[in-house]
Visitor: 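This structure is in structure tokens; I'll ask about it shortly.
All values reported here derive from a predicted model rather than from experimental measurement.
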Amino acid sequence: MSIPEQLSRIVLDGEAEARDEFLADVEGWARVHGLVMGSGAVAPLSLVPHPLKREIFEEGLALAPLFGKLVQNISEDAQFLIDAHHNVTDEFTTHLLSILKQVVNEGIRQPTAMGIHRSDYMIHHGEQIQQVELNTISSAFGALASRIAALHHYILHNWIKLPSGMSLPQPNPTLQRLPNAFNVAVNEYRRFRGSAGAPLVVMMIVQPGERNSIDQRWLQHSLFENHGIRTIRRSLADVASRASLENDFVLKIDGYEIAVAYYRAGYTPNDYPTDKEWAARLLIERSVAIKCPNIAYHLAGTKKIQQTLYDRSILKRYLPNPSEEERVFRCFTDQYSLDPGCNEGIIQQAIKDSHVRQPQLPWLVNEC
């Protein structure tokens with residue numbers, strides 16, 4: 001019997017007592033293991049994992065470092081980022097480009113950048129991995145995803161009999177690997193600075209009233225437990241009112257020296273209600289703190305850059321290794337510019353065929 005059939009027998013077709021026992025067990029596991037939102041409610045979750053062919057899963061793993069390399073190479077070409085966005089006129093992207101231009105004109109003070117990227121995919125006809133988008137700022141749910149993987153393991157071990165040929169989900173190592181990455185970044189900052197006169201911390205930039213705070217706090221506490229590194233949580237408004245650049249552009253706030261500025265906010269216009277928040281973003285970017293991400297990494301993750309890289313001559317510029325470029329291009333879907341005068345025939349056909357229109361600002365959803 002398949003996994004969905006077994007689950008249906010428990011949840012939909014079974015006796016109420018068995019169903020209630022199962023759901024209570026799942027909820028109890030989630031609460032005990034921190035699979036919750038900031039409100040304390042259990043996070044949205046699936047009861048079993050979606051079966052995936054091993055070769056597709058392994059292809060996703062193989063693509064991750066290639067996209068990391070691609071973002072890094074693009075980030076080193078500020079003029080490309082500026083030119084690629086020349087027809088993008090929304091106020092949010094214009095502000096980001098203004099910050100990029102200023103920090104480049106002043107000279108990049110911190111050559112090291114940190115990236116936590118999440119590439120979102122769909123599986124085309126069950127066979128081909130195809131990218132929806134690449135997130136380069138505030139890539140969330142890594143910690144809670146590791147909890148869901150553990151929950152699936154628990155359910156499949158205790159409630160569901162695995163069909164022949166299937167194996168239990170692999171452990172999700174996010175809560176080991178992300179803290180390890182921050183530890184590397186803090187140590188690199190320490191090497192860069194030589195000495196610090198104040199305690200070194202990671203500053204997590206957060207939204208006021210953050211609903212996904214538990215996902216963030218899993219990382220915060222894992223970093224301290226595994227590496228003894230403290231994380232402080234501050235909003236852009238906090239930075240605007242209390243942070244300063246000291247000698248050699250060292251970023252300090254509330255007596256702490258910031259080794260890494262980690263953005264879990266700053267990706268939406270709503271995070272910049274006044275000019276003070278934009279001034280805070282610029283302050284951080286001008287500092288010697290390691291940014292996760294820096295402004296160039298942020299801009300490398302826009303929809304416009306994703307569309308631009310569909311031009312293989314441009315993709316090859318930033319992934320010159322032919323096998324790497326070919327592997328990345330294979331996961332792209334057809335993408336065309338909506339700039340005035342471009343691709344008019346393709347655009348009209350796309351409207352007839354109900355293609356998806358991707359907005360530049362990723363939290364907006366539009367469909368033709």
Side-chain angles (χ1 to χ4, degrees), residues 64-119 131 133-139 181-182 184-185 188-189 192 202-205 236 239 245 249 251 258-269 271-272 277-311 314-320 328 360-362:
L66 300 185
F67 277 110
K69 180 186 291 188
L70 179 61
V71 169
Q72 173 61 32
N73 291 344
I74 290 172
S75 75
E76 294 174 354
D77 190 348
Q79 194 58 52
F80 166 72
L81 289 170
I82 294 167
D83 292 344
H85 290 96
H86 74 281
N87 280 329
V88 179
T89 57
D90 66 88
E91 186 176 354
F92 178 71
T93 307
T94 300
H95 268 296
L96 296 178
L97 289 167
S98 175
I99 292 173
L100 174 68
K101 292 173 185 177
Q102 181 165 340
V103 296
V104 168
N105 288 338
E106 290 183 2
I108 303 297
R109 297 186 176 93
Q110 176 52 264
T112 299
M114 180 178 174
I116 298 176
H117 306 151
R118 191 190 71 228
S119 192
Q131 188 183 63
E133 64 180 4
L134 178 67
N135 299 276
T136 59
I137 182 171
S138 189
S139 300
F182 278 100
V184 170
E188 174 60 24
Y189 178 84
F192 177 83
V202 171
M203 178 171 66
M204 188 183 298
I205 305 297
L236 285 170
V239 174
L245 292 184
F249 291 88
L251 180 62
I258 308 306
V260 179
Y262 172 40
Y263 290 97
R264 291 297 293 260
Y267 57 89
T268 162
D271 291 332
Y272 304 88
E277 285 77 14
W278 283 113
R281 181 70 187 268
L282 177 60
L283 185 81
I284 295 169
E285 294 297 330
R286 296 178 67 229
S287 77
V288 295
I290 293 175
K291 274 71 72 175
C292 181
N294 64 17
I295 192 68
Y297 271 36
H298 186 170
L299 284 162
T302 67
K303 293 295 187 295
K304 185 60 183 176
I305 294 298
Q306 184 182 5
Q307 176 261 307
T308 302
L309 291 173
Y310 185 65
D311 181 337
I314 296 176
L315 180 63
K316 290 175 181 178
R317 188 189 313 168
Y318 299 103
L319 277 182
V328 167
Q360 165 67 10
L361 303 182

Visitor: Is there a side-chain contact between I82 and V104, using heavy atoms and a 4.5 Å cut-off?
Guide: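 A side-chain contact is absent here, since even the closest heavy-atom pair is not under 4.5 Å.
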
Visitor: Minimum heavy-atom separation for M114 and A185, please, with both atom names.
Guide: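 Looks like SD-CB, 3.8 Å.
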
Visitor: Which pair of non-hydrogen atoms, one from L251 and one from M203, has the smallest distance, and what is that distance?
Guide: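 For L251 and M203, the tightest heavy-atom pair comes out as CD2-CE, 4.0 Å.
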
Visitor: Nearest 0.5 Å, what's the CZ-CD distance between R109 and E285?
Guide: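 Going from CZ on R109 over to CD on E285, the span is 11.5 Å.
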
Visitor: L96 and L299: which non-hydrogen atoms are nearest, and at how many Å?
Guide: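 Heavy atoms of L96 and L299 come nearest at CB-CD2, 3.9 Å.
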
Visitor: Nearest 0.5 angstrom please: C292 SG to H298 NE2, how far?
Guide: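 It comes to 12.5 Å.
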
Visitor: Do T112 and F192 pass the side-chain contact (heavy atoms from CB on, under 4.5 Å) test, and can you show the C-alpha distance, the side-chain angles, and the key distance before you say yes or no?
Guide: CA-CA 9 Å; T112 299; F192 177 83; over 6 Å; no

Visitor: Can you tell me how far the CD atom of Q72 sits from the CZ atom of F67, to the nearest 0.5 Å?
Guide: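 Taking CD in Q72 and CZ in F67, the distance rounds to 15.5 Å.
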
Visitor: Roughly how far, to the nearest 0.5 Å, is CG of N294 from CD1 of I99?
Guide: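 CG of N294 is found 11.5 Å from CD1 of I99.
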
Visitor: Quick check: does any side chain N or O of D271 sit under 3.5 Å from a backbone N or O of A265, one acting as donor and the other as acceptor?
Guide: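 It does not hold such a pair.
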
Visitor: Which one of I205, I290, I116 satisfies the side-chain contact (heavy atoms from CB on, under 4.5 Å) criterion with Y262?
Guide: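 With Y262 as partner, side-chain contact (heavy atoms from CB on, under 4.5 Å) holds for just one option, I116.
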
Visitor: Report the distance from atom CD of Q79 to atom CG of L100, rounding to the nearest 0.5 Å.
Guide: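 So the gap between those two atoms works out to 9.5 Å.
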
Visitor: W278 vs F92 aromatic rings, parallel, tilted or perpendicular, using cut-offs 30° and 60°?
Guide: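 Rings of W278 and F92: tilted, as their planes differ by 30° to 60°.
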
Visitor: When you look at H85 and T93, which way does the side-chain hydrogen bond (donor to acceptor under 3.5 Å, both in side chains) test go after all the steps?
Guide: CA-CA 8 Å; H85 290 96; T93 307; over 6 Å; no

Visitor: Start with the C-alpha gap between V88 and L97, add the side-chain angles, then the distance that decides, and say whether side-chain contact (heavy atoms from CB on, under 4.5 Å) holds.
Guide: CA-CA 10 Å; V88 179; L97 289 167; 5.9 Å; no

Visitor: As a quick check of understanding, evaluate side-chain contact (heavy atoms from CB on, under 4.5 Å) for L134 and V71, giving each step before the final call.
Guide: CA-CA 10 Å; L134 178 67; V71 169; 3.6 Å; yes

Visitor: Quick one, D77 with Y318, criterion side-chain hydrogen bond (donor to acceptor under 3.5 Å, both in side chains). Give me CA distance, side-chain angles, the key distance, then yes/no.
Guide: CA-CA 9 Å; D77 190 348; Y318 299 103; 2.6 Å; yes

Visitor: Could you report the tightest heavy-atom contact between A261 and I284, atom names first, then the distance?
Guide: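 Shortest heavy-atom separation between A261 and I284 comes out as CB-CG2, 3.7 Å.
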
Visitor: Using every non-hydrogen atom in the two residues, find where A289 and Y189 come nearest and quote the distance to one decimal.
Guide: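 That would be CA-CE1, 4.0 Å.
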
Visitor: Please say which of R281, E91, E277 ends up in a side-chain hydrogen bond (donor to acceptor under 3.5 Å, both in side chains) with Y272.
Guide: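 Among R281, E91, E277, the one that satisfies the side-chain hydrogen bond (donor to acceptor under 3.5 Å, both in side chains) with Y272 is R281.
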
Visitor: In terms of side-chain heavy atoms, does K304 have a donor or acceptor partner in Q307 at a distance below 3.5 Å?
Guide: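 Short answer, yes.
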
Visitor: How close do V288 and Q110 get, counting heavy atoms only, and between which atoms?
Guide: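 Nearest pair, atom of V288 first, then Q110: O-NE2, 2.7 Å.
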
Visitor: Starting at CD1 of I137, measure out to NE2 of H117 and round the result to the nearest 0.5 Å.
Guide: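 Answer rounded to 0.5 Å: 10.5 Å.
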
